[in-house]
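For reference, positions follow the sequence shown, starting with 1.
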Amino acid sequence: MKMASSLRGEVLNLYKNLLYLGRDYPKGADYFKRRLKTVFLKNKDVKDPEKIKELIGRGHFVMKELEALYFLRKYRAMKQRYYSDVNKAN
């Protein structure tokens with residue numbers, strides 16, 4: 001039972017982290033929140049620890065993808081600002 005409770009904590013942590021990352025989602029935070037809740041509820045009855053670990057791994061992958069998306073968007077915005085300023089100077 002100890003493992004199940006530690007996995008539960010991990011799942012809750014993952015949910016909170018994804019919820020936090022979803023604030024800046026391109027389609028809106030509410031859209032992301034609804035989708036996130038749907039996915040987590042769909043898997044709420046999974047009891048197999050290996051399957052739960054697999055789903056947690058998938059969640060971590062999604063977190064990395066979101067971070068990459070946000071980083072790229074920020075980079076593009078900075079690059080656009082920089083190059084538009086350089087072009088105006090010429």
Side-chain angles (χ1 to χ4, degrees):
M1 194 64 189
K2 173 78 178 123
M3 190 167 115
S5 64
S6 70
L7 283 177
R8 177 176 162 74
E10 226 179 305
V11 169
L12 289 172
N13 232 4
L14 178 64
Y15 186 81
K16 287 178 191 173
N17 288 333
L18 283 166
L19 201 54
Y20 177 78
L21 281 173
R23 294 173 317 152
D24 297 324
Y25 193 68
K27 289 187 176 184
D30 288 337
Y31 171 85
F32 186 86
K33 191 175 182 178
R34 282 193 310 273
R35 291 285 311 237
L36 182 65
K37 187 175 181 180
T38 301
V39 169
F40 271 73
L41 286 176
K42 185 180 93 177
N43 293 306
K44 75 180 170 82
D45 295 324
V46 175
K47 300 283 187 255
D48 177 24
E50 290 307 310
K51 180 67 176 164
I52 293 170
K53 286 178 186 174
E54 183 186 315
L55 291 166
I56 289 170
R58 194 178 302 165
H60 286 293
F61 174 78
V62 170
M63 278 178 55
K64 287 185 177 106
E65 289 291 305
L66 285 170
E67 288 167 347
L69 172 75
Y70 298 155
F71 178 79
L72 187 61
R73 189 169 61 185
K74 195 162 127 184
Y75 168 78
R76 283 183 178 151
M78 288 173 61
K79 183 178 171 186
Q80 191 175 26
R81 254 182 253 133
Y82 173 76
Y83 283 113
S84 68
D85 288 349
V86 168
N87 292 337
K88 286 177 189 170
N90 292 338

Legend entry - Exercise: identify the closest heavy-atom pair between Asp24 and Arg73: O-NH2, 2.9 Å

Inset, instruction - Check the pair Arg34 / Lys37 against side chain to side chain contact (heavy atoms under 4.5 Å, CB included), numbers first and verdict last. - result: CA-CA 5 Å; Arg34 282 193 310 273; Lys37 187 175 181 180; 5.9 Å; no

Legend entry - Heavy-atom donor-acceptor pair, Tyr25 side chain to Lys33 backbone, under 3.5 Å: no

Legend entry - Over 12 non-hydrogen atoms of neighbours within 6.0 angstrom of CG in Asp30: no

Inset, instruction - Check whether any side-chain N or O of Arg23 sits under 3.5 Å from a backbone N or O of Tyr20 as a donor-acceptor pair, and report yes or no. - result: yes

Inset, instruction - Return the minimal non-hydrogen interatomic distance between Tyr70 and Pro26, and the atom names on each side. - result: CE2-CD, 4.4 Å

Legend entry - Same apolar cluster (I L V M F W Y, side chains within < 4.5 Å links), Val39/Leu19: no

Legend entry - Same apolar cluster: Leu12 and Leu55, side chain cutoff 4.5 Å: no

Legend entry - Minimum heavy-atom distance Leu66-Phe32, with the two atoms named: CD1-CZ, 3.6 Å

Inset, instruction - Please indicate whether Arg35 has more than 12 foreign heavy atoms, meaning atoms of other residues, nucleotides or ligands, lying under 6.0 Å from its CZ. - result: no

Legend entry - ring pair (Phe, Tyr, Trp, His ring centres under 6.0 Å) involving Tyr15 - partner list, sequence neighbours excluded: Phe40

Inset, instruction - Please identify each residue that fulfils salt bridge (charged side-chain N to carboxylate O under 4.0 Å, His left out) with Glu54, with sequence neighbours left out. - result: Lys51, Arg58

